Amino acid sequence: MNRIVNAMPFNRLSYFIEYKAAWAGVPVIKVNEAYSSRECHVCKQDGKRPSQGRFHCSACGEYNADLNSAVNIGSRALAYMAIAGAPGTAPMKGTTSP
């Protein structure tokens, strides 16, 4: 029962994101986040987390743990897009978002 209760907020958030994205015509990519905090985003080797906020790679040095995980998840999303044949897009230089 604890697992069900703890999973509900994430599932509800996922549903809302998918619903709102579909309403706006924006595609959603679900990325497996497993082990994203244990893999170095530079060299892809396993590293260690000596504390909650730090990630240490024996080859590359230390990084912020959240930044390391976020870059890994972003790289996985781009890889999924490439497999699916989706074009990668980036904002044009000199433009601003509303």
Side-chain angles (χ1 to χ4, degrees):
M1 187 65 169
N2 284 342
R3 271 187 275 163
I4 293 170
V5 172
N6 287 334
M8 281 184 358
F10 179 77
N11 290 335
R12 184 175 290 163
L13 176 63
S14 295
Y15 172 76
F16 286 146
I17 290 171
E18 291 174 11
Y19 167 75
K20 292 292 186 178
W23 183 66
V26 176
V28 174
I29 300 172
K30 289 188 175 185
V31 178
N32 185 2
E33 75 282 357
Y35 304 108
S36 64
S37 63
R38 291 182 15 188
E39 178 182 282
C40 178
H41 71 278
V42 177
C43 66
K44 305 300 181 200
Q45 293 182 14
D46 280 345
K48 296 186 180 188
R49 291 189 61 178
S51 69
Q52 182 68 24
R54 291 187 317 157
F55 173 81
H56 179 76
C57 174
S58 59
C60 301
E62 283 196 6
Y63 299 101
N64 177 289
D66 292 336
L67 174 66
N68 182 64
S69 296
V71 172
N72 283 333
I73 290 172
S75 296
R76 290 177 188 179
L78 289 175
Y80 290 163
M81 289 174 57
I83 291 168
T89 60
M92 294 173 40
K93 288 186 177 181
T95 61
T96 59
S97 311

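Small disclaimer: the values here were computed from a predicted structure and weren't measured.
Distance check, rounded to the nearest 0.5 Å: CZ of R38 to CG of N68 gives 12.5 Å. Note that the OG atom of S37 and the CD atom of E39 stand 10.0 Å from one another [nearest 0.5 Å]. Taking OG of S58 as the start and CD of Q45 as the end, the distance is 5.5 Å to the nearest 0.5 Å. Interatomic distance, NZ of K48 versus NE2 of H56, reported as 8.5 Å (0.5 Å rounding).
Annotation: side chain of D66 is not in contact with side chain of F55 (no heavy-atom distance under 4.5 Å). Proximity of Y80 to N32: side-chain heavy atoms (C-beta onward) are separated by under 4.5 Å at one or more points. At least one side-chain heavy atom of R76 sits less than 4.5 Å from a side-chain heavy atom of S36.
In K20, the NZ atom is not crowded: 12 or fewer heavy atoms of neighbouring residues, nucleotides or ligands sit closer than 6.0 Å.
Using a 4.5 Å cut-off between side-chain heavy atoms of Ile, Leu, Val, Met, Phe, Trp and Tyr, with links allowed through other members, I29 and L78 fall into the same hydrophobic cluster. Residues V28 and Y19 fall into different hydrophobic clusters, defined by Ile, Leu, Val, Met, Phe, Trp and Tyr side chains chained together at heavy-atom separations under 4.5 Å.
For the residue pair I73 and V31, the shortest heavy atom distance occurs at O-CG1, 3.9 Å.
Between the side chains of H41 and N72, no donor-acceptor pair is found at a separation under 3.5 Å.
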